[in-house]
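The chains referred to below are lettered A, B, ... by the order of the sequence lines, with proteins before strands, and numbering in each begins at 1. Computed over heavy atoms, backbone and side chain alike; hydrogens, waters and symmetry mates excluded.
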2 protein chains.
Amino acid sequence: MPANRSALVSDLRCFNRFYTGLIGLLDETLTHSAYTLIEARVLFELARRPGHIASSPGKAGFLARVFQIDFGPAASNIAGELQLDPAYITRILRKFSAAGLIEARAGRDASHRRVLSLTMRGHAALAALQDAADRDLTRLTAGLDDEEAAELSDILVRARHLLSGAPASERRERA
Amino acid sequence: MPANRSALVSDLRCFNRFYTGLIGLLDETLTHSAYTLIEARVLFELARRPGHIASSPGKAGFLARVFQIDFGPAASNIAGELQLDPAYITRILRKFSAAGLIEARAGRDASHRRVLSLTMRGHAALAALQDAADRDLTRLTAGLDDEEAAELSDILVRARHLLSGAPASERRERA
DNA sequence: GCGCAAAAGTTGACCAAGTCAACCATTTAT
DNA sequence: ATAAATGGTTGACTTGGTCAACTTTTGCGC
């Protein structure tokens, strides 16, 4: 039986408060951009799935798998990954469409499945967002010397592994 | 000049995504309670400031300091600490009042300064929230052996220090 | 004392984020 | 053929949170 986990829990609470504040600061940059945090995530998710063979079962899925048609994520994929309401997704995607960031074409095999892809503008918008975020992170760690930077890198990776080694019910693969 | 910080930035982004998800999971517990995250924070902040000598200048402040009257935080203190809109605070406090979690009495020295304090019910409510949160954290780290737990504790503290050693503009004391 | 600026708080209007339930179109299964 | 599931859309609604205007109290210069 584990001993005094209360120390760890306390440290976790403390870190939580700290990191929540930090995330808040970092998010401000995004907030000041034209897009919401969620919208940024959707954009990111769209870019992260450049191609994706239709996974639906049956003949259509079979054809999709064999001939590798119907690439790209659909709204439902994004909704699933980000745990968002379909209605919400619809609105976000409409906004993106209106802004010319994405294109939606009907899937060849399933016409009611709208396959999404980023346009040039979409990629550019995402790149701008990521640049801004990276700049923030760089600034945040500017005060560290090389050794500390390396240590922090190690620490972050290690913390992630320790924390995701938790009970299976809590585990969610990310990155 | 610092070398390839891009590795660190990448690790940070990764950790950010991971931890955001984790926080989301942990927050769910609170979300399912009767209170908002923000409300919980306000409650916490109220408890964290059991007494606090009025810091306003002038005769009133002087008397407050000498005779230690007018204890407890006011709405503005909470608003300042948590960076919340006064209007928002008002509504939250009214909700708390209605639920019998807090009492507000006019400050002896400044009658328009409403001095707040948790009632028994308020303390109980906070305790319940914290218990739930602690249970989540305990469950989250249940899979770790003692050695790993100790390591994680160290790591969290160290990470906090490394990250808050950033440029002064980013620094915000917490805990 | 008077007048005025600042602080503390309240109110009402408002907005954006997010949820819910109903609904249509398409597709798969029986 | 028909039922059921999937993918998506719409409209109404709730909620978290902001903004601006206003009141009251206090502090300060005169």
Side-chain angles (χ1 to χ4, degrees), chain A residues 24 27-28 30-42 52 54-64 70 72-98 102 104-116, chain B residues 24 27-28 30-42 52 54-64 70 72-98 102 104-116:
Chain A
D27 284 355
E28 263 176 44
L30 281 190
T31 305
H32 292 147
S33 80
Y35 307 101
T36 302
L37 303 179
I38 300 281
E39 289 173 346
R41 282 192 169 203
V42 171
H52 160 243
S55 60
S56 48
K59 189 176 67 175
F62 175 73
L63 287 176
D70 207 8
S76 55
N77 298 123
I78 308 291
E81 181 73 27
L82 266 48
Q83 313 228 68
L84 299 177
D85 189 291
Y88 192 19
I89 286 280
T90 293
R91 293 178 222 283
I92 292 179
L93 292 181
R94 184 152 54 202
K95 177 177 173 182
F96 283 174
S97 249
I102 63 172
R105 60 193 190 289
R108 295 207 83 191
D109 59 336
S111 68
H112 74 314
R113 185 172 193 274
R114 320 255 304 148
V115 176
L116 308 167
Chain B
D27 284 355
E28 263 175 44
L30 281 190
T31 305
H32 292 146
S33 80
Y35 307 100
T36 302
L37 303 179
I38 301 279
E39 288 173 347
R41 283 189 167 204
V42 171
H52 160 244
S55 59
S56 48
K59 189 176 68 175
F62 174 73
L63 286 176
D70 206 10
S76 54
N77 298 123
I78 309 292
E81 182 73 27
L82 266 51
Q83 312 228 71
L84 299 177
D85 189 292
Y88 191 21
I89 287 279
T90 292
R91 293 179 221 282
I92 291 180
L93 292 181
R94 184 151 53 202
K95 177 177 173 182
F96 283 175
S97 248
I102 64 173
R105 60 192 190 289
R108 295 207 83 191
D109 60 337
S111 69
H112 73 313
R113 183 172 195 274
R114 321 255 304 149
V115 176
L116 308 167

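In this structure, CZ on R114(A) lies 12.0 Å from NE2 on H112(A), to the nearest 0.5 angstrom. Separation of atoms CG (L37(A)) and CG (L30(A)) is listed at 5.5 Å; rounding is to 0.5 Å. Taken from CZ in F96(B) to CD1 in I89(B), the straight-line distance is 9.0 Å, to the nearest 0.5 Å.
Atom CZ in R41(A) sits roughly 15 Å away from atom P in dA17(C) (whole-Å rounding). Atom C1' of nucleotide dA16(C) and atom NZ of K95(A) are separated by 10 Å, given to the nearest angstrom. The nearest whole Å value for the distance from the CG atom in L37(B) to the C1' atom in dG17(D) is 13 Å. One atom, CZ of R114(A), and another, C1' of dA25(C), lie 12 Å apart when rounded to the nearest Å. Rounding to whole angstrom units, CD1 of residue I92(A) and P of dT19(C) are separated by 10 Å. In this entry the distance linking CD1 of I89(B) with P of dG9(C) reads 10 Å, nearest Å. For R94(B) and dA8(C), the CZ to P distance is 19 Å, given to the nearest whole Å. Atom CG in D85(A) sits roughly 13 Å away from atom C1' in dA22(C) (whole-Å rounding).
The phosphate of dT10(C) (OP1 or OP2) has a side-chain N or O of T90(B) nearer than 4.0 angstrom. Using a 4.0 Å cut-off, some side-chain N or O of S76(A) falls inside it from OP1 or OP2 of dG8(D).
Counting heavy atoms from C-beta outward, L93(A) and V42(A) have side chains that approach closer than 4.5 Å. At a threshold of 4.5 Å between non-hydrogen side-chain atoms, the residues N77(B) and R113(B) count as touching.
Using modelled atom types, no side-chain atom of T36(B) and backbone atom of I38(B) make a donor-acceptor pair closer than 3.5 Å.
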Please write out the pairs of protein N or O atoms and N or O atoms of nucleotides 4-6 of chain D separated by less than 3.5 Å, giving the distance to one decimal.
unit_1: dT6(D); atom_1: O2; unit_2: H112(A); atom_2: NE2; d: 3.2

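Shortest non-hydrogen contact noted between A75(B) and L116(B) is N-CD1, 3.6 Å. Nearest approach of I78(B) to P73(B), heavy atoms of both residues: CD1-CB, 4.1 Å.
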Worksheet item: Which nucleotides of nucleotides 11-16 of chain D have their base under 4.0 Å from a protein heavy atom (B), which only their sugar-phosphate (S), and which neither (-), written as one string 5' to 3'?
Response: BB---S
